[in-house]
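Numbered from 1 within each chain, the chains take letters A, B, ... in sequence-line order.
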Amino acid sequence: MTGSHAGTTRAPQRADKVVPAHHSTESSTHPVASEEDLLSIRHAVRAATLHAGFGIVDQTRVVTAASELARNAYVHGGGGTLTLDIVRRLGTTGVRLTVEDDGPGIEDIEEAFTDGFTTGAGLGHGLGGARRLMDEFTLSSTAGRGTVVTATRWNNRRAP
Amino acid sequence: MTTSDTAITSDSVDSGARARVTEVLRANADAIADRWVQLQLEQALLGSDLTESELHEEADALVAALAAALDGDAPVRRLAYSDRDLNRIVTDLSLRRARGGASPTVTSLAVLALKQVLLEHLRGATRESDELLAAAVLINQLLDVAGALSFEVYVEGREAIIHRQSHQLLEMSTPVVRLWRQVLAVPLIGTLDTARTQVVMENLLQAIQDDEALVAIIDITGVPTVDTAVAQHLLQTVNAVRLMGADCVISGIRPPIAQTIAQLGIDLSTILTRATLADALAAAIKITDAPGPDGTDGR
Amino acid sequence: MNGHPSAGVPILQLGDVLISGLLNELDDKSAMAFTEELTQTISSTGARGVLIDISRLELIDSFVARMLTHLTTTARLLGARVIVAGMRPPVAITLVELGIELSGVETALSAEQGLTALGWHRAAPTRAGEAR
């Protein structure tokens, strides 16, 4: 992967937040405060990917990315929340994960994306790996003020 | 954000106009619907599939929904989106036309043709020019957005079809063939990109599981160029095959591509490579024979 | 939790080979308990080979991947060879995209092939020729 600079990859082409009324958007927020939460988050994310009609490989990608991000927030960020959205745009459906924590934040974002980077209990692949599993990925962090990661994967399957 | 200043002011200015337009819609529902159908037929604003009775049904529903939506107090500019019934009717109508083969422009023009009908009827309801103007502005606001919605729905429907077709095309362009007992091959032809490599990887791995294949050959004789990204994808595929417990052979690396790979500094040294598909098959058979005698298949 | 938390994953012994299968889901605690339990069993039985069937496992994230690598290394130090068998295609794809190669971990397509690789069939001389 090209070591593009921190923050965004493949920024959304259109403002998919402006969802016309004939599109519904479902959203749910889950706590990330214990190891048990990680498990129930995986279940919730799996259900959302199924709902969005994802194939089995994309399901696995998104659930794995959620697991990585949630664990990051739990281990490094001292807990937080994961918000799950079903999003729609022209012709396709996506699942968006927003993981927020109130932890110490990340000082060197570029470094945090490097495989093998770790600040705590040894989860080197968390961020960079999760970014590769998703279509869109943004991270914002202020040292001392926590971290917000937003990651979306679009359904490329569109089974009839 | 959505109830912008303009929406509020124009709405409050036009509350009289709103009532007037609603009244016109109610009082002349049948005439308006009929005239709209007539205009669409005249101006050839239709695809092929619609019968006249369907058109009338559609028109009646739309006129009724417009009146009902205007009766509320949601901002006029948003009604085509915010009013559930109106939104559904415009959406359905647009999709029906898209399927019938009408173009998106013609489809939204059909919705906009309703403006003309409403203005005609409005002229019968009032002679006051201020009132006429206010009502005309309101009709424009309402139907312009409905026309835009119609366009959007149409494009979206098409987009979904294109999406599905391009995926089907990908599936077809990456066949996994069985060359030998427990040996599979993917002959890749044409440019490789991320989407395509992902489909190759998915199909190949699934076939390995289904066939319990021990060796997968990826033949890139037909791949014109290899850049860093493609080489990475190939590496990923090889690694995924290994994780499943099978071996991978890459064949057909032509000299220019071999040079590129060397220049890019990509290490393929841990990967089994062969010049031709035939050589790769020979190597694959050797691999499957190795554990064979006392292993999986008896003798 | 008590002193020896159980992962709830059965570990069978067949000759000098240990066989275990992970279920569709593995939480962190169970993963660690499993590592602990398997390591203990290898050392107490003197097993030479370990087969871990993961054909039902639906997800391997970096934590579980790390556990598998760790387990393989530990077992090797104790004189046992570990084979991880039956990884599902979506799991394999996700792992490589995640950037994890599980280097050093031996894999097999199925439990049967894994056992063959561990030479287990030799310990069962009377077995009638397998169908298929």
For [X], is the [atom1] atom crowded, meaning more than 12 foreign heavy atoms sit under 6.0 Å from it?
X      : atom1 : value
A:D102 : CG    : no
C:R48  : CZ    : no
C:H70  : NE2   : no

Go through it in stages, so that I can follow the logic: the residues are A:E68 and C:L98, the test is side-chain contact (heavy atoms from CB on, under 4.5 Å), and I'd like the CA-CA distance, side-chain angles, deciding distance and then a yes or no. CA-CA 10 Å; A:E68 297 295 323; C:L98 207 48; 3.9 Å; yes
I need the [X] [atom1] to [Y] [atom2] distance, nearest 0.5 Å.
X     : Y     : atom1 : atom2 : answer
A:D58 : C:I93 : CG    : CD1   : 9.5 Å
C:S62 : A:N72 : OG    : CG    : 8.0 Å
C:D27 : A:S40 : CG    : OG    : 11.0 Å
A:R71 : C:D28 : CZ    : CG    : 4.0 Å

Closest approach of C:E97 to A:R132 (non-hydrogen atoms, all atoms of both residues): O-NE, 2.7 Å
Less than 4.5 Å apart, side chain to side chain, heavy atoms only: is that true for A:T60 and C:R88? no
Is a salt bridge present between A:R42 and C:E58, judged by a nitrogen-to-oxygen distance below 4.0 Å? no
For chain C, the option from A:T64, A:V63, A:L38 that forms the most heavy-atom pairs under 4.5 Å: A:T64
Can you tell which part of A:Q59 gets under 4.5 Å to a heavy atom of chain C, answering side chain, backbone, both or neither? neither
Under a 4.5 Å heavy-atom cut-off, does chain A meet the side chain of C:L95, its backbone, both or neither? neither
